[in-house]
Participant: 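Shown below is the structure under consideration.
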Amino acid sequence: MQMDKTYAPENFEKSIYEKWEKEGLFKPSGDTSKPAFSIALPPPNVTGSLHMGHAFQQTIMDTLIRYHRMKGDNTLWQCGTDHAGIATQMVVERKLAKEENLTRHDLGREKFIERVWKWKEESGGNITRQMRRLGDSVDWSRERFTMDEGMSRAVLEVFVRLFDEDLIYRGKRLVNWDPKLRTAISDLEVENKDVKGYLWYIKYHFADGVKTSDGKDYLLVATTRPETLLGDTAIAVNPADERFKSVIGKYVILPLVGRRIPVVADMHADMTTGTGCVKITPAHDFNDYAVGKRCKLPMVNILTEDAKIRDEAEVFNTNGEPSDEVSKEIPKAYRGLDRFVARDKMLEDLKAQGLLDHIEDHNLSQPFGDRGGVPIEPMLTDQWYVRASVLGKPAVEAVKDGRIKFVPAQYANMYFSWMNDLQDWCISRQLWWGHRIPAWYDENGKVYVARSEEEVRSKYSLGTEVKLTRDPDVLDTWFSSALWTFSTLGWPDKTPELEAFHPTSVLVTGFDIIFFWVARMIMMTMHFMKDKDGNPHVPFRTVYVTGLIRDEEGKKMSKSKGNVLDPLDMIDGIDIDTLVQKRTANMMQPQLAEKISKRTQKQFPDGITAHGTDALRFTLCAFASNGRDINWDMKRLEGYRNFCNKIWNASRFALMNVGQMKLQKPQDSALSLADRFIRSKMHAAIKNMTAAIEAYRFDQVANILYEFIWNEYCDWYLEFTKAIFKDDKLSDDQKNATAYTLVEVLETTMRLAHPVMPFLTETIWQQTAVMLGRMNQTGTIMTAPYPVQSDFAEDSTAEADVEFIKDFATTVRNLRAEMKVAPNVTLNPMLRGANGDEQRCATEHFRYLKDLANISEIKFVDSGDNLPPCTAKPLRKAEVLIEMKDLVNKDEEIKRLEGMLAKIEANIKSGEARLKNDAFISKAPQNIIDGAKAQLEVNRSQLEKVKAQIEEMKKL
RNA sequence: GGAUGCUUAGCUCAGUUUGGUUAGAGCAUCUGCCUUACAAGCAGAGGGUCAUAAGUUCGAGUCUUAUAGCAUCCACCA
């Protein structure tokens, strides 16, 4: 068996994955007598590519999946991609504009959708390629896409049923309108940004010669959005405001327009803010809309879909029906102007007419569309809504009573705070790419909802003479993703997969989509999925919430910052030129390219070297603590790549030493101290590992593996075995016992680590399993049993003995380093004042100490013995001495000892103080008191020794 | 305005639920080693008033309160 000298993951990772996939190992076992474990992958955008956040979450999912698969559970990882309505449509539109100088309208709806499908086919493989490279053991045979036939059927079914149950309705309401994308968006897609703006104070003169109580013939109104003045239908004052009581019910003249609008009383007007008078524009402001409803005001829409001033306003009564209550006329000067151009023009005109009283600076937070990036506009439009408040109640209950658990738990609060004030969910989008709404209108505008036009006609008894037109809108992307856990398993059909795998076990996702996705999934699933007793199914029992992965400086990774790291580049490496090119290609703001290029060159002068999938996955696990954001650190990745190399070389050692031997399962009696020690540590590692995975503490998972493999197995156990293998006095049985343990612990460790590091462990396991006769039928670690702690005996005696050996070796090494004795000089240390057990241990296990400390013998001496000049270091209550001869600088030695003395004295002082304290003695638990006493005793005995040593030095 | 989280070594972070001797890890730094598994390594070393203040307690990194700074979410903004 030949292994390369250095860990080279690129040599085996890809081929191993291909083999796994080809052999169908990612599919569920189908054994329904075993517990089921399932995860639905949050579907990434089909045309996108994976970023670090995906890699992070998928590593955690794959770790859980592989763990449960090895445990024998019937395990399914359901994967798929999302059509990502707006995002995908935008990408294709941009491409179209750039390459062919066309808009989607030039192509028409059908042709455009064809183009999107084509783009999906071209780029859709990107994500799945990346997932394969990450080692994700998803069941590819069940891969789904939110717009494929099955998913679309589920969407249709859900929409129609909700409509029939009056949980979906259509209505004219004020929505967040994105003028760039020309579609409605939901509240969640609005991002508020702080911007510097102004408050413009505008005079609205009274009609009919009215005056305020203090004699003014106008009301002064402050506004941040003067252009909406064209749609004003009232001025509101607070009913309790003495300043304006007398003018309530009177009229003012709308500046620039000349329309009469009433002064109304409404609580919305805050006496202490602004001038106390608020202009009311029900069609363009959410608060004003509410005021309009209360005061029965008409609504005047002045904007087009792309936020230009209309040629003629749309006027509705307070119920949203078309109306002639007020004039539709818009002053000629502003017609067709962009909203912000119109603003400037109007301010100019107001100023010219003396109606602009004054201007103040004002910081406001302005709503922007999260995709389009332009300020959104509240607009009065017809949209479809889900009655989220109704669906939300059981969804809140499920988290409250623990049917769904959030990890970390504090995210449940975030969930509650949003759910408790749930607004109806606007689900219609004026896009082309998505699930088209299954609603048809007759010529009178009456709406019919069914699964198809055919079904509409039969359901509502409409003859062929009735002309039906389908609603042009599509559904919010999140509508279909909300059905993900059950629609992917075949709903609305009753499939065996639904039966076996729903509810899913755990959802792993970022906190940023708790509202977008998690909450809506809970609502939809609980409404549609019921068990045989009619109790709602939750979509998943646990939500594991991850933090964001940020760059080294804690900044969010984004294309425009040019700090994005592609997980695949860390796996396979990338040269600097390609990296720069990648970071600066297709920029929305090309002017940033140069800066990004410079920064990238500085940060990665030689590009990024390959680290392999396992190292990346291990790093991601090590970072996964407590759902906090993570600042990415290349050094960590390097460190864990080195760890992979360490494992690699440990197995090389094992193979080189026992490769030729025929291994037999040893009798317990043949096990050496070293064997018993590492087996006991193995026991603990398995125990802790299992607990950590079950608790979703992947950072602990990583640390347990690291600590066990590097600090116990490699640093100590491997060194012990060297002594055993070369000891001629030991029998073949004894050597076999060590060889067997060496390989068995390695083999077990590979299984233990496999969920995190699938490739490296597979490679090494293949070899070790054969040696132990443990190769399973499928010939892969993937289906080997996960280790159980009972396979390895706990042995506290062995651990204690090894602890002493470690301490002894460390003490000698310490002395050696401090005295500057070269490592290749063999020493003859003395052990003074050791108790019987320590003497036994040192004698019995001298073979280990000999090599570890490079010594030829240990002489036991007593404090009364007359010794040559020595240097010494305390070891527990005893001390290790080394004859000084010519190897020491006396003054330095005294200095070292005095330093030690000071430390010990301080410890004694604080220990004594504690034990003198009556309160401590009477109140602290006995074991703490005993511990303190024992420690004090050790310190005192060490103090004596060090003092004596100093005296001795001084005599020289 | 409401809420949450964070502040521990030069850097990145564990440890706080359940208080207990001298607070840990990786990286970085320093010293010595190419010792036949591994220089992507080995053996050692230095480095922390646990953000600040007060309190509870025999005892506080850990519990309470206040303050400061950072971050995030929600709401509002005439």
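Here the structure is a predicted model, which means the values were calculated and not measured. Note on naming: letters A, B, ... go to the chains in the order of the sequence lines (proteins, then strands), and numbering restarts at 1 for each one.
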Participant: Can we say A:D807 and A:R876 salt-bridge, meaning some charged N sits less than 4.0 Å from an Asp/Glu carboxylate O?
Facilitator: yes
Participant: Please identify each residue that fulfils salt bridge (Lys or Arg N to Asp or Glu O under 4.0 Å) with A:D699, with sequence neighbours left out.
Facilitator: A:R697
Participant: What's the shortest heavy-atom distance between A:M557 and A:L565, and which atoms?
Facilitator: SD-N, 3.7 Å
Participant: For atom CZ of A:F604, decide whether the heavy atoms of other residues, nucleotides or ligands shown that lie under 6.0 angstrom number more than 12.
Facilitator: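 Yes - once you tally the heavy atoms of other residues, nucleotides and ligands closer than 6.0 Å, there are more than 12.
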Participant: What's the closest nucleotide to the side chain of A:F920 if the choices are B:G20, B:G44, B:C73?
Facilitator: B:G20
Participant: Under a 4.0 Å N-O cut-off, is there an ion pair linking A:K635 with A:D633?
Facilitator: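 Salt bridge: no.
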Participant: For the side chain of A:Q410, starting at C-beta, report the closest nucleotide among B:G20, B:G44, B:G5.
Facilitator: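 Among B:G20, B:G44, B:G5, the one nearest the side chain of A:Q410 is B:G5.
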Participant: Is there a donor on the side chain of A:R813 or the base of B:A43 sitting less than 3.5 Å from an acceptor on the other?
Facilitator: no
Participant: Quickly work out the A:K193 NZ to B:A75 P distance and round it to whole Å.
Facilitator: 16 Å
Participant: Going by the salt bridge (Lys or Arg N to Asp or Glu O under 4.0 Å) test, which pairs reach into residues 405-418 of chain A, not counting sequence neighbours?
Facilitator: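 Residue pairs with at least one partner in residues 405-418 of chain A: there are none.
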Participant: If the condition is ring pair (Phe, Tyr, Trp, His ring centres under 6.0 Å), which residues does A:F515 pass it with, not counting sequence neighbours?
Facilitator: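 Ring pair (Phe, Tyr, Trp, His ring centres under 6.0 Å) check on A:F515 returns A:W418.
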Participant: Which residues pass the side chain to side chain donor-acceptor pair (under 3.5 Å) test with A:Q366, not counting sequence neighbours?
Facilitator: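 Listed in chain order: nothing, the list is empty.
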Participant: Are A:D851 and A:K726 close enough for a salt bridge, meaning some N to O gap below 4.0 Å?
Facilitator: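 A:K726 and A:D851: salt-bridged.
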Participant: Once you apply a heavy-atom cut-off of 4.0 Å, does A:H362 come out as touching a base, just sugar-phosphate, or nothing?
Facilitator: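 Here A:H362 touches the backbone only, sparing every base.
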Participant: Do any pairs count as a side-chain hydrogen bond (donor to acceptor under 3.5 Å, both in side chains) and have a residue in residues 711-720 of chain A, sequence neighbours left out, and if so which ones?
Facilitator: A:D675-A:Y717, A:E707-A:N711, A:E712-A:K806, A:E719-A:K722
Participant: Who pairs with A:E552 by side chain to side chain donor-acceptor pair (under 3.5 Å), at least two apart in sequence or on another chain?
Facilitator: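 Expected list: A:Q603.
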Participant: Who passes ring pair (Phe, Tyr, Trp, His ring centres under 6.0 Å) against A:Y201, sequence neighbours left out?
Facilitator: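 For A:Y201, the residues satisfying ring pair (Phe, Tyr, Trp, His ring centres under 6.0 Å) (neighbours in sequence not counted) are A:H358.
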Participant: So, OP1 or OP2 of B:C13: does either fall under 4.0 Å of a side-chain N or O from A:N631?
Facilitator: yes
Participant: Once you apply a heavy-atom cut-off of 4.0 Å, does A:T224 come out as touching a base, just sugar-phosphate, or nothing?
Facilitator: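 Here A:T224 touches the backbone only, sparing every base.
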Participant: Protein within reach of the bases, or only the backbone? For nucleotides 22-39 of chain B, mark each nucleotide 5' to 3' as B, S or -, using heavy atoms under 4.0 Å.
Facilitator: B---SS---------BBS
Participant: What residues form a ring pair (Phe, Tyr, Trp, His ring centres under 6.0 Å) with A:F920, not counting sequence neighbours?
Facilitator: none
Participant: Roughly how far, to the nearest 0.5 Å, is CD of A:E189 from CG of A:D370?
Facilitator: 5.5 Å
Participant: Should stems be defined as at least three consecutive Watson-Crick or G-U pairs with both distances under 3.5 angstrom, which of them involve RNA chain B?
Facilitator: B:1-7 with B:68-74, B:10-13 with B:24-27, B:29-33 with B:41-45, B:51-55 with B:63-67
Participant: Between protein and nucleic acid, restricted to nucleotides 54-56 of chain B and to nitrogen or oxygen atoms under 3.5 Å apart, what atom pairs and distances do you find?
Facilitator:
none

Participant: Distance between the P atoms of B:U4 and B:G10, in whole angstroms?
Facilitator: 32 Å
Participant: Using a heavy-atom cut-off of under 4.0 Å over every strand shown, decide if A:N917 touches base, sugar-phosphate, or nothing.
Facilitator: sugar-phosphate
Participant: Listing time: all N or O pairs from protein to nucleotides 15-17 of chain B that are below 3.5 Å?
Facilitator:
{"from": "B:G15", "atom 1": "OP1", "to": "A:R697", "atom 2": "NH1", "distance (Å)": "3.3"}
{"from": "B:G15", "atom 1": "OP1", "to": "A:R697", "atom 2": "NH2", "distance (Å)": "3.2"}

